[in-house]
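Below: the structure, in structure tokens.
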Amino acid sequence: MSTSGQPQFRYTQTPSKVLHLRNLPWECAEEELIELCKPFGKIVNTKSNVGANRNQAFVEFADLNQAISMVSYYASSSEPAQVRGKTVYIQYSNRHEIVNNKSPGDVPGNVLLVTIEGVEAGDVSIDVIHLVFSAFGFVHKIATFEKAAGFQALIQFSDAETASAARNALNERSIPRYLLPEHVNSCHLRISYSAHTDLNIKFQSHRSRDYTNPYLPVNPTAIDGIAQPALGPDGKRKEPESNVLLASIDNMQYAVTVDVLHTVFSAFGTVQKIAIFEKNGQTQALIQYPDISTAAVAREALEGHCIYDGGYCLQ
């Protein structure tokens, strides 16, 4: 008996490897349950915040004897089981396992499914998405698309731990206002886990990127996506700022290689990726810097200039 007069255990039920815990603190976390129970054995599953008052939970041990050990210990102990100073009442559950009723979107994985609410396709660029999520680790791939739920993106990290860190930090949060177009007041991120483990990106474009493969072919629509015209305060066309530059190479006399471009553009900062392609008979390249400011410096210095005297003009 506990000092409150309420039995801490029920002895009438058949032992089970699943224990029913009552009188828990409000919004008791899974980590708190594991901390209480792990001295007695391996925890294989939990289900917390159940009941009308959300102060009950179920804990499943790997072995029946482990559950019996916990019940026996507190039955004979002068100190009751406690979480956050509250006495926890323990009994055997009438269930023999906890059925995992998590939806696929709750099962951790290395790919996140992000729904960007409050915007339409084109309002949030793939570069902005990359900037926001790369704060938590290296982003391998991004694919954006439109579904009934709205504008969405699949974002692939190297592992589930990194993806979980990004999800925990960004879910139900907003993209910073300064990264959004003027006509978008706010947008919210709704993030779940995807069943995908490795995205199949066939082209670099304004809708999809593979940051692990700089030599992936570039879809012609990528150029349209990067160079969407906008109007500045003076009414003239204004190119949107990006950490990816589109370079058109005129008056070519010799082949331009990735190494040549890397030498030229790395004078202004770290070049992360380079992709060379042909469009309408002209050689063009995408050069990716880690940030917009570095790209802007390189563009200001190189636009209209020659790689070598007498040829290879960059535009």
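Between the side chain of Ser72 and the main chain of Ile68, a donor-acceptor pair closer than 3.5 Å is present. Judged by distance alone, with hydrogens and angles left aside, the side-chain atoms of Glu32 form a donor-acceptor pair with the main-chain N or O of Ala29 at under 3.5 Å. In this structure, Ser205 contributes its side chain and Ser208 its backbone to a donor-acceptor pair below 3.5 Å. Looking only at distances, no side-chain donor or acceptor of Asn23 sits under 3.5 Å from a matching main-chain atom of Val88. In this structure, the side chain of Asp210 does not engage the main chain of Ile201 through any donor-acceptor pair within 3.5 Å. Listed for the Ser69 side chain is no donor-acceptor partner under 3.5 Å among the backbone atoms of Asn65.
Here the closest non-hydrogen pair linking Ile98 and Asn45 is O-ND2, 3.3 Å. The two residues Ala275 and Val218 have their closest heavy-atom pair at CB-CG2, 3.8 Å.
The closest side-chain donor-acceptor pair between His188 and Glu172, if any, does not fall under 3.5 angstrom. In summary, the side chains of Gln284 and Ser248 do present a donor paired with an acceptor at a separation below 3.5 Å, with no hydrogens or angles considered. Using modelled atom types and a 3.5 Å distance limit, the side chains of Thr257 and Asp259 yield no donor-acceptor pair.
The CD1 atom of Ile191 sits 5.0 Å away from atom CG of Asn171, with the distance rounded to the nearest 0.5 Å. Note that CD1 of Ile175 and CD1 of Ile129 are 6.5 Å apart. Values are rounded to the nearest 0.5 Å.
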Cut-off 3.5 Å, no hydrogens considered: what does the side-chain donor-acceptor table look like for residues 113-125, sequence neighbours left out?
{"residue": "Thr115", "atom": "OG1", "partner": "Gln152", "partner atom": "NE2", "Å": "2.9"}
{"residue": "Glu117", "atom": "OE2", "partner": "Arg190", "partner atom": "NE", "Å": "2.7"}
{"residue": "Glu117", "atom": "OE2", "partner": "Arg190", "partner atom": "NH2", "Å": "3.3"}
{"residue": "Asp123", "atom": "OD1", "partner": "His183", "partner atom": "NE2", "Å": "3.0"}
{"residue": "Asp123", "atom": "OD2", "partner": "Glu120", "partner atom": "N", "Å": "2.9"}
{"residue": "Ser125", "atom": "OG", "partner": "Asp127", "partner atom": "N", "Å": "3.4"}
{"residue": "Ser125", "atom": "OG", "partner": "Val128", "partner atom": "N", "Å": "3.2"}

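A salt bridge links Asp198 with Lys141; the closest basic N to acidic carboxylate O contact falls under 4.0 Å.
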Assess whether side-chain contact (heavy atoms from CB on, under 4.5 Å) is satisfied between Val18 and His96, documenting all intermediate values.
-> CA-CA 6 Å; Val18 178; His96 298 289; 5.7 Å; no

After noting the C-alpha distance and the side-chain angles of Leu36 and Met70, does the key distance pass the side-chain contact (heavy atoms from CB on, under 4.5 Å) rule?
-> CA-CA 10 Å; Leu36 174 66; Met70 182 174 182; 3.9 Å; yes

When you look at Arg167 and Tyr193, which way does the side-chain contact (heavy atoms from CB on, under 4.5 Å) test go after all the steps?
-> CA-CA 8 Å; Arg167 181 179 187 259; Tyr193 295 104; 3.5 Å; yes

Is there a side-chain contact (heavy atoms from CB on, under 4.5 Å) between Tyr73 and Ile90 once you walk through the steps?
-> CA-CA 11 Å; Tyr73 174 83; Ile90 305 171; over 6 Å; no

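Applying the 6.0 Å contact sphere to CZ of Phe138 captures more than 12 heavy atoms from other residues, nucleotides or ligands.
Applying the side chain to side chain donor-acceptor pair (under 3.5 Å) criterion to Lys38, with sequence neighbours excluded, gives Glu35.
Both tests pass for Arg95 against the ring of Phe58: distance under 6.0 Å to the centre and angle within 45° of the axis.
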